[in-house]
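Ligands are counted one by one from 1 in listed order, and the atoms in each one are counted from 1 as well.
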Amino acid sequence: MARSDEHLPLFETKSGKGLIPFRLFAASIFAGICSIFVYRATHKPAAVVEAADLGVRWTAWIGLFLAELWFGFYWLMSLVVKWKPIYRTTHKHRLSLRYDVLPAIDTFVCTADPTIEPPTMVLNTVLSVMAYDYPPEKLSVYLSDDGGSDLNFYAMLEASCFSKRWLPFCRKFKVEPRSPEAFFKGASEPIDYDDHTSMAKEWTYIKKLYEEMKARIESTTKQGRVSEEIRKQHKGFSEWDFVSSRRDHQTILQILIDGRDAESLDSEGQTLPTLVYLAREKRPQYHHNFKAGSMNALIRVSSRISNAPIILNVDCDMYSNNSESARDALCFFLDEEKGHEIGFVQFPSAFENITKNDIYSNSLRVANELEFRGMDSNGGPCYIGTGCFHRRESLCGKKYSKTCHGENWTSKNDVKIEEKSVDELEETCKVLASCTYEEHTQWGKEMGLKYGCAVEDIITGLAIQCRGWKSVYFKPERAGFVGVAPTTLLQSLVQHKRWSEGHFQIFLSKHCALLYGYKRVSIGLQLCYCLCSLWAPNCLASLYFAAVPSLCLVRRISLFPKLSDPWVVPFVYVFLGNYAYSLFERLQCGGTCVEWLNDQRIWLFRRITSYLFAFLDNILGVFGITKSAFVITSKVVDEDVSERYKQELMEFGAISPMFTILATIALLNAFILVGAMKRLILEEQSWALDPFALQMILCGLLVFINLPVYKGLFLRKDKGTMPSSVTYRSIAYALAACLIALYY
Ligand SMILES: *[C@@H]1O[C@H](CO)[C@@H](O)[C@H](O)[C@H]1NC(C)=O
Ligand SMILES: CC(=O)N[C@H]1CO[C@H](CO)[C@@H](O)[C@@H]1O
């Protein structure tokens with residue numbers, strides 16, 4: 001296997017540019033923050049006007065000081081992820097030159113509910129990973145269907161047939177992306193190919209096949225059950241005769257394509273990847289541990305069937321947009337010098353449903369472009385539960401040691417498949433997915449994904465890093481995995497509530513990065529984890545800033561230095577500096593100004609709603625009190641909702657306590673701004689300008705950022721406006737707050 005470039009690395013790591021100016025700038029902001037603290041410490045409130053007000057002044061002042069301390073501390077932590085971003089590149093051509101035999105890859109796709117995650121979506125994800133540009137005999141795809149739905153089983157059956165045509169087509173014409181839905185939607189005419197007559201012919205034929213298959217699956221899904229005619233096609237359907245409900249059924253395991261079988265060939269005589277359908281056993285008396293439980297069942301089942309050393313995990317709504325991702329990942333694992341210490345390779349998530357200016361700030365643009373890279377330089381990104389290639393042994397709880405090299409993966413006999421018939425294999429594997437299998441084992445603790453947390457992926461990734469493995473963040477030029485983002489405001493806020501709640505739960509548990517990672521991972525990495533863990537507590541300081549300075553304006557309590565006072569400089573510098581920098585950052589990452597503005601708005605919304613509920617639920621959880629319930633995010637939306645989404649109109653049409661808070665804060669600031677303006681014009685002219693200028697500006701900015709909320713409350717006529725009950729309630733709350741501030 002010796003080749004000329006044998007000693008060249010398979011991947012390279014470069015550090016980012018422009019770090020010195022950034023660090024100088026950060027130092028100046030730091031100086032500004034310190035001056036703000038000095039100002040607070042030396043300018044305590046004094047009895048100026050009425051002595052009775054002193055208590056209120058002190059309370060407002062202390063609260064503000066605490067909020068500023070929190071923001072200062074949080075800003076300092078956030079520097080860790082921005083301090084030293086690194087960039088990875090791979091050399092895939094060297095990989096193919098150096099290795100004749102590539103290691104096998106098992107892909108796990110998890111789905112939970114056929115109504116929220118339609119079978120056609122699952123089908124497209126499965127086909128896109130089956131069609132990887134990789135030796136098909138080395139690929140196995142496992143679908144875990146936690147909904148235990150025969151609709152998904154039927155979709156997989158269709159996938160196994162369609163793949164016989166789809167895979168050769170992809171290979172022949174180097175199709176991208178390899179999800180048929182995305183491909184046929186994106187590519188209009190096959191004109192930019194050389195032999196376009198044959199391409200055009202096949203293109204039309206395959207498209208017709210796909211459309212027909214999609215129609216069959218969709219009509220079956222609509223009916224909600226599989227017809228007798230279809231049931232006759234495969235013996236596997238008989239399993240559903242014993243299924244009483246999705247929460248109570250036996251293990252269903254069907255190997256739909258057996259890659260070892262000489263007869264599993266595509267239309268051109270090439271081997272097909274193995275395709276396995278699994279619905280693990282569910283019984284009401286057993287806890288099934290959500291996605292972590294299904295991943296662990298897949299790890300065990302796959303170990304008997306294909307036992308690949310590399311495991312790829314994707315969500316069912318995330319298709320592969322880049323058929324070379326598997327090769328990219330292997331460049332890291334198989335690098336002679338550094339590959340042996342890499343536990344997992346995390347790809348960023350990209351989304352296809354992002355509007356031009358990303359109205360709900362879902363694109364994770366800055367996180368994907370900068371923050372993950374910064375985490376990478378501190379020891380590796382976290383595992384985000386999708387688009388991630390794992391080394392099987394690191395996921396199964398093995399500790400890193402210098403001796404475990406991956407070279408034996410690529411020797412002739414890397415896959416130990418038991419030489420049994422498919423039926424026997426299915427029977428032996430079923431035991432591995434039963435409810436009782438994990439009793440008295442380390443599964444969910446030291447082996448596989450960890451249980452007991454809403455964001456199980458994060459602690460699993462941290463545990464892997466604590467066992468000594470490194471991880472790698474790789475963002476290819478063409479996105480590796482593409483999913484759908486929430487398309488309404490509420491969905492987006494609820495999603496963030498779930499995330500921030502899980503992260504904060506980790507912080508309060510024994511898996512807190514500072515404790516669990518102590519002496520096992522670098523302090524920088526611990527802080528990176530804490531940055532996410534502490535999303536939720538941000539709500540307090542943010543709510544304070546969004547309400548109290550404005551309320552103090554009503555009462556004529558000045559909280560910031562006068563405009564003529566030199567102490568105003570650090571406040572203005574820190575504020576403007578940070579905003580200017582975040583705008584610069586966004587533009588640098590390829591965003592637009594409007595997108596940045598939207599991001600600032602959503603940033604505020606999330607902090608005063610999602611994070612607040614996440615925080616409260618965690619605190620209540622600590623005292624054992626029941627939590628507030630929010631529905632999970634659906635991937636299917638109404639026609640007119642998606643029409644408004646395309647027009648970037650903010651969607652409020654739902655009754656939710658989150659919207660009441662948003663509207664109350666928005667109205668409160670609007671009332672106060674109007675009141676202050678009125679006073680400014682009608683009464684004395686000078687009082688507002690000097691001691692209250694900063695508060696007026698803050699209030700004005702809050703009103704400006706909330707403009708879409710006022711539109712949703714009063715101006716729009718479509719169905720996405722604020723429900724009237726929310727409107728009345730928030731008007732009442734906002735007025736009450738103003739009156740209390742005025743007269744209490
Ligand atoms: C997916 O890949 C295509 C090229 O095949 C690219 O044009 C597109 O931008 C990618 N999608 C995303 C969301 O990045
Ligand atoms: C699930 C979903 O909302 N999909 C939409 C994503 O956006 C495209 C166009 O931007 C729509 O066509 C899809 O229906």
C331 to F11 - nearest heavy-atom pair and separation
O-CD2, 3.7 Å

Give me the atom names and distance for the closest heavy-atom approach of P486 to Y360.
O-CD1, 4.3 Å

[X]: numbered ligand 1 atoms lying under 4.0 Å from its heavy atoms:
X: A479; answer: 12 (C), 14 (O)
X: P177; answer: 5 (O)
X: E176; answer: 5 (O)

Scan the protein's non-hydrogen atoms and note whether one is under 4.0 Å from atom 9 (O) of ligand 1.
no

More than 12 heavy atoms of other residues, nucleotides or ligands under 6.0 Å from NZ of K84: yes or no?
no

So which protein heavy atom does [atom] come closest to, and at what separation?
atom: atom 3 (C) of ligand 1; value: N321 ND2, 3.7 Å
atom: atom 13 (C) of ligand 1; value: V482 CG2, 3.7 Å
atom: atom 4 (C) of ligand 1; value: R478 CD, 3.3 Å

Starting from the C-alpha separation in whole Å, work towards a yes-or-no answer on ring-ring contact (aromatic ring centres under 6.0 Å, His included) for F344 and F389.
CA-CA 5 Å; F344 58 91; F389 289 85; over 10 Å; no

Yes or no: does E352 have any heavy atom under 4.0 Å from an atom of ligand 1?
no

When the ring centroid of Y529 is compared with that of H503, is the distance short of 6.0 Å?
no

Tell me which one of P180, S179, C161, S128 satisfies side-chain contact (heavy atoms from CB on, under 4.5 Å) with W166.
P180

